[in-house]
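Lettering follows sequence order; numbering is per chain, from 1.
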Protein chains: 2
Amino acid sequence: MARAGLTPDRVTRAGAELADEVGFAHVTASAVARRVGVQVASLYSHVRGTDDLRTRIALLALEELADRGDAALAGRAGRDALVALGDVYRDYAREHPGRYDAARHRLDPATAATSAGPRHAALARAVLRAYDLTETDQTHAVRLLGSVFHGFTSLELAGGFDHSAPDAQESWVRVLDAVDTMLRSWTA
Amino acid sequence: MARAGLTPDRVTRAGAELADEVGFAHVTASAVARRVGVQVASLYSHVRGTDDLRTRIALLALEELADRGDAALAGRAGRDALVALGDVYRDYAREHPGRYDAARHRLDPATAATSAGPRHAALARAVLRAYDLTETDQTHAVRLLGSVFHGFTSLELAGGFDHSAPDAQESWVRVLDAVDTMLRSWTA
DNA sequence: CTCCTCTGCCTAATGTGTTTAGGCAGCTTA
DNA sequence: TAAGCTGCCTAAACACATTAGGCAGAGGAG
């Protein structure tokens, strides 16, 4: 038998590609096995099962997103940084819709703690450094950023903006402007 | 054989309850059949299959949400209306997490058009009447509202705010305040 | 080069969920 | 009360998930 040379990582990547093609919800062990040219049972040497596979895809997506975030924020501040980070999430979601959904997959607390999740909070805080906020207000603002980035991205991805003018890009710019305004005029 | 007296509606409601208990993703025809005390195959007289069942739950959730929205906006305007509508989504998500997820289920365009979806856009526009916006800006603002409401709600539901102080309620108030302030000063 | 071992991938089997086909019995209508 | 409709049933075929156990090929030791 020719060996396929699988590793947990390779299986995860195949799963991520599949997710982008057919949707995260349709990622099954069987489909991944077919994709990598192996019997289903063989996957179980590399991942514990479907749930583990989905979790690994989620962790991969979170890391890819955080890496892009780091790159985007380097050398930027204020409104520029805000737009750059927002674009990271929105662009990633459009390039990799399945992975983006995966990143919303609920992780158990232990896994979440060792994931790239905390890096995302740090990215938001980095954007907020340019605005003058107290510690507590910064937390509120982190949540606002998360809500707007994720909310807009997820509604756009779900096709919520498809059948009305003007196009989403225009609204995106205006929404980011609005958020910038909110952050500038944030008052206790 | 005792008849269970099923109807598509009854099946859908059982599915919605199940979704709230175990999560929308885990709603299966088998589980619904068990819940209503009937063999799986019997469900197929009432719904076309699992997909149809999920779609019906989504439509139910969208309508319940729109109904609550109508009730909440009656006699309110401005900031009051904004908060009331936001609370509709957030409270509904906390009371009915499975249904809330269902409401995000992607519908085909034909179904979406006859769903309560358009009512939701109308609700947002109703909130925005009190603010002085051009037609186009209103569309952008509708999308901002949708993003904030859905984004915050969905991150909270996913447990994103669980392990950090202060609690989500406080951030929610601050976020809505910020949106209100920002809508007042919206400029082209 | 040969043998040994390790392990990656296999076949087989079980359980659960989905869906279709066809049958029977209990309300409904005349 | 006979006829028919239809709601629910059993049966069967197919896909996915998961576990148990086997074989053979790649790599190291002599």
Using side chain to side chain donor-acceptor pair (under 3.5 Å) as the criterion, list what pairs up with Tyr100(A), not counting sequence neighbours. Arg104(A), His150(A)

Rounded to whole Å, the CG-P distance (Asp9(B) to dG7(D)) equals 15 Å

Would you tell me if any nitrogen or oxygen in the side chain of Ser42(B) comes within less than 4.0 Å of OP1 or OP2 on dC9(D)? yes

Protein-nucleotide distance (Asp51(A), atom CG; dC16(D), atom P), rounded to Å: 17 Å

Sequence neighbours excluded, every pair satisfying salt bridge (charged side-chain N to carboxylate O under 4.0 Å, His left out) that has a member inside residues 157-173 of chain A: Asp162(A)-Arg106(B)

Per the side-chain hydrogen bond (donor to acceptor under 3.5 Å, both in side chains) rule, what does the pair list look like for residues 76-86 of chain A, sequence neighbours excluded? Arg79(A)-Asp177(A)

Using the ring of Phe161(A) (Phe, Tyr or Trp, six-membered ring only), decide whether Arg143(B) places NZ or CZ under 6.0 Å from its centre and within 45 degrees of its axis. yes

Using atom CZ of Arg10(B) as one end and atom P of dC8(D) as the other, report the distance to the nearest whole Å. 10 Å

State whether His46(B) places a side-chain N or O below 4.0 Å from either non-bridging phosphate oxygen (OP1 or OP2) of dC8(D). yes

Should side-chain heavy atoms under 4.5 Å link Ile, Leu, Val, Met, Phe, Trp and Tyr, which residues sit in the same cluster as Leu62(B)? Leu59(B), Leu107(B)

Enumerate the protein-to-nucleotides 14-18 of chain C contacts in which both atoms are nitrogen or oxygen and the separation is below 3.5 Å.
| unit_1 | atom_1 | unit_2 | atom_2 | d |
| --- | --- | --- | --- | --- |
| dG17(C) | OP2 | Arg34(B) | NH1 | 3.4 |
| dT18(C) | OP1 | Thr50(B) | OG1 | 3.2 |
| dT18(C) | OP2 | Ala29(B) | N | 3.1 |
| dT18(C) | OP2 | Ser30(B) | N | 3.0 |
| dT18(C) | OP2 | Ser30(B) | OG | 3.0 |

From the set dC9(C), dT11(C), dC9(D), return the single nucleotide nearest to any side-chain atom of Gln39(A). dT11(C)

If you check every side-chain atom of Leu6(B), which of dC9(C), dT19(D), dC8(D) has the closest atom? dC8(D)

By salt bridge (charged side-chain N to carboxylate O under 4.0 Å, His left out) - contacts of Asp91(A) (at least two apart): Arg94(A)

